[in-house]
Amino acid sequence: MKKKFLNLGSQPIANSFLPNVSKKTIKKEFFYKLTVSFDDKDYLVSVTNPVNPKIQYTDKYAHRASESKTMRKAFKNIALKLNKRFKPKKIMEIGSNDGVFIKNFPQNNVIAIEPCKNLAKITAKKFKTYPNFWNQKLAHKIFKNKKKADLIFSANTISHIPNLKETFKAIEFSLSENGIFVIEDPSLSSVVINNSYDQFYDEHVYIFSALAISNIAKKNNLRLFDIENISTHGGSLRYYICKNNSKYIITKNLIKVIKYEKKKSLNKLSTFKNFSKRVEKSKKDLIKLLNKLKKQNKKIISYGATYKSTTLFNYCNIDKRYIDYVTDTTINKQGKFTPGKHIPIISPKKGFNESVDYAFLGAWNFKKEILKKEKKFIKRGGKFITHVPFIKILS
Ligand code: TYD
């Protein structure tokens, strides 16, 4: 049974950056109630009432995976690794974004699935691309009476699809006998340890654990056989899933991760109730710090117009009173305004300058990359603020 444990209040769509802040635009802004639940039967943590995907994945989808150096490198590495270990001949990616993963494979071996038409257009120039949502109907269209997929890859997408049963059934249909389904998504243990409640937003319908994925796979004639901890998105898990009767055996690492998750009590509601209390404290502490800095006339900006920041700004009620603007390297975010709180987004070139005293790390998942890049800012006395794993000024 689903049990609610976290209330993040009224939230807009995390990626619905506003083109302007006219009355008309603001009036049209869509809000929903963001609460999070734990299912004590299959250990799934999910947004209680997911938003209709058709509102989310449109032809204006802003996120471009290949804009980040970290992500480009990560996708290249995993493509090489999967190739070496499994030697797949037919490869499909669900949620192929701008092709950052599939471009590492031979053109004729790849099928791309991407419902955001602006992104699908990019990969369609080179790869067979279906600009559709993943479901059984599409799986039948692609694979009925055809050679099935040896590798189905999906990074930061499966956790976005509300209907897991439909998704997994379609996967089961599409896999070859010894084909593998590899997914990457932010891990529940990282969210709990980092207190990164901003990982919950409309797109992140689920924050998976190995315990939960194992249960879902089982229900759909599949099984989890291996797992890896990866650093992307502030701590993710890469799950290796195969058909029930295929040749793969369960790895030591999977046994270790399952044991770890049990030790962290990711199968108990009390864990999430405690998490919820820490989230409330994080909000209070952040507001307290921002108020203190504002009293000292400090200029605070936010670094990275992340979707995660949408949850944080709206939950903590942080707007232009605290944050002058957000800087972001993504060209199609620049000149826009953050969802719900309407903070202007500008380029780092324009905004990350001498006048900034404090920068809130909206893109905390790139902390290492950012701190390395912004040595000059730190050297001249600029400071970063983070809420992960608790509110602190980085020195
Ligand atoms: P992302 O990691 O995709 O987080 P989310 O899924 O929550 O949106 O977003 C990171 C954002 O930060 C992206 O818009 C690019 C931006 N960014 C910068 O502006 N500067 C940087 O140096 C880095 C690493 C990212």
Side-chain angles (χ1 to χ4, degrees), residues 8 11-17 34 47 56-57 60-75 95 97-98 100-101 116 119 154-160 184-187 190-191 194 196-207 230-236 301-315 318 323 325-341 343-353 356 359-378 382 384 386-388 394:
L8 294 167
Q11 293 279 351
I13 298 291
N15 74 359
S16 60
F17 300 99
L34 176 56
V47 167
Q56 300 164 299
Y57 306 106
K60 291 184 182 58
Y61 194 77
H63 177 75
R64 296 276 302 268
S66 57
E67 295 212 353
S68 145
K69 199 172 140 195
T70 309
M71 295 310 286
R72 279 200 306 273
K73 215 167 111 190
F75 281 122
N97 198 273
D98 57 3
V100 65
F101 171 76
C116 302
L119 296 170
S154 190
N156 302 302
T157 302
I158 300 303
S159 63
H160 298 199
E184 293 182 15
D185 280 290
S187 77
S190 300
V191 169
N194 288 332
S196 49
Y197 64 89
D198 53 341
Q199 286 285 18
F200 292 107
Y201 52 85
D202 59 291
E203 286 187 16
H204 285 177
V205 180
Y206 300 99
I207 299 288
I230 49 175
S231 61
T232 43
H233 291 287
S236 297
I301 66 139
S302 194
Y303 196 109
T306 57
Y307 299 175
K308 293 187 281 295
S309 300
T310 299
T311 294
L312 187 136
F313 290 156
N314 285 279
Y315 172 62
I318 291 171
I323 305 282
Y325 47 79
V326 183
T327 61
D328 200 288
T329 48
T330 315
I331 289 164
N332 63 6
K333 288 183 187 172
Q334 293 165 7
K336 297 199 172 134
F337 297 83
T338 66
K341 294 295 161 193
I343 307 170
I345 304 166
I346 62 175
S347 74
K349 253 196 180 147
K350 223 166 129 188
F352 202 63
N353 53 34
V356 178
F360 177 75
L361 262 182
W364 58 266
N365 47 315
F366 290 113
K367 183 171 138 187
K368 248 194 196 160
E369 183 176 332
I370 293 168
L371 294 188
K372 205 168 144 194
K373 200 163 100 183
E374 306 299 357
K375 275 193 186 131
K376 245 171 83 187
F377 170 70
I378 298 166
F384 282 105
T386 188
H387 67 291
V388 173
L394 302 174

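This is a predicted model, so every value here is computed, not measured. Whatever order the structure lists them in is the order used to number ligands and atoms, beginning at 1. Values reported hereafter were calculated over all heavy atoms of this structure, with side chains retained and with hydrogens, waters and symmetry mates removed.
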**Asked** Going by the atom numbers of ligand 1, which of them fall below 4.0 Å from some non-hydrogen atom of Y303?
**Response** 20 (N), 21 (C), 22 (O)

**Nearest-contact summary for atom 8 (O) of ligand 1 - protein heavy atom, Å** = Y307 N, 2.8 Å

**Fill in**
With heavy atoms and a 4.0 Å threshold, my read on which part of T330 contacts ligand 1 is side chain

**Complete:** ligand 1 to A363, heavy atom cutoff 4.0 Å, flagged ligand atoms 12 (O)

**Asked** How does F366 reach ligand 1, by side chain, by backbone, by both or by neither, if only non-hydrogen atoms under 4.0 Å count?
**Response** side chain

**Asked** Can you list the ligand 1 atoms lying under 4.0 Å from a non-hydrogen atom of H63?
**Response** 3 (O)

**Message:** Only heavy atoms of K373, strictly under 4.0 Å: list the atoms of ligand 1 that pass.
**Reply:** 20 (N), 21 (C), 22 (O)

**Request:** Write down the atom of N314, the atom of P339, and the distance for their closest heavy-atom approach.
**Result:** ND2-O, 3.1 Å

**Message:** Can you tell me if I331 has over 12 outside heavy atoms packed within less than 6.0 Å of its CD1?
**Reply:** no

**Atoms of ligand 1, numbered as shown, that sit under 4.0 Å from any heavy atom of D328** = 11 (C), 12 (O), 13 (C), 14 (O), 15 (C), 16 (C), 19 (O)

**Prompt:** Can you find a heavy atom in the side chain of S196 that is under 4.5 Å from one in the side chain of K308?
**Reply:** no

**Prompt:** Out of curiosity, M71 CE to N156 CG, how far, rounded to the nearest 0.5 Å?
**Reply:** 6.0 Å

**Prompt:** N365 heavy atoms, cut-off 4.0 Å: which ligand 1 atoms fall inside?
**Reply:** 2 (O)

**Prompt:** Hey, what do you get for NE2 (H387) to CG (L312), rounding to the nearest 0.5 Å?
**Reply:** 5.0 Å

**Prompt:** At a 4.0 Å threshold, what atoms of ligand 1 neighbour a non-hydrogen atom of K308?
**Reply:** 4 (O), 5 (P), 7 (O)

**Asked** Among all protein non-hydrogen atoms, which one is nearest to atom 9 (O) of ligand 1, and what is the separation to 0.1 Å?
**Response** T306 CG2, 3.5 Å

**Asked** Once the angle between the rings of Y61 and H63 is folded into 0 to 90°, is it parallel (under 30°), tilted (30 to 60°) or perpendicular (over 60°)?
**Response** perpendicular

**Prompt:** What class does the angle between the rings of H160 and H204 fall in, given that below 30° is parallel, 30 to 60° is tilted and above 60° is perpendicular?
**Reply:** tilted

**Prompt:** Which protein heavy atom lies closest to atom 17 (N) of ligand 1, and at what distance to 0.1 Å?
**Reply:** T329 OG1, 3.7 Å

**Asked** Closest approach of G362 and S302, non-hydrogen atoms and distance?
**Response** N-OG, 4.0 Å

**Message:** I'd like to check R64 versus L119 (side-chain heavy atoms, cut-off strictly below 4.5 Å). Are they in contact?
**Reply:** yes

**Prompt:** Between E67 and ligand 1, which part of the residue brings a heavy atom under 4.0 Å of the ligand: side chain, backbone, both or neither?
**Reply:** neither

**Contact partition for K69 relative to ligand 1, non-hydrogen atoms under 4.0 Å** = neither

**Message:** Only heavy atoms of Y201, strictly under 4.0 Å: list the atoms of ligand 1 that pass.
**Reply:** 6 (O)

**Asked** Where does F17 meet ligand 1, judged by heavy-atom distances below 4.0 Å: at the side chain, the backbone, both, or neither?
**Response** neither

**Message:** Parallel, tilted or perpendicular, judged at 30° and 60°: which one describes the rings of F17 and Y307?
**Reply:** tilted

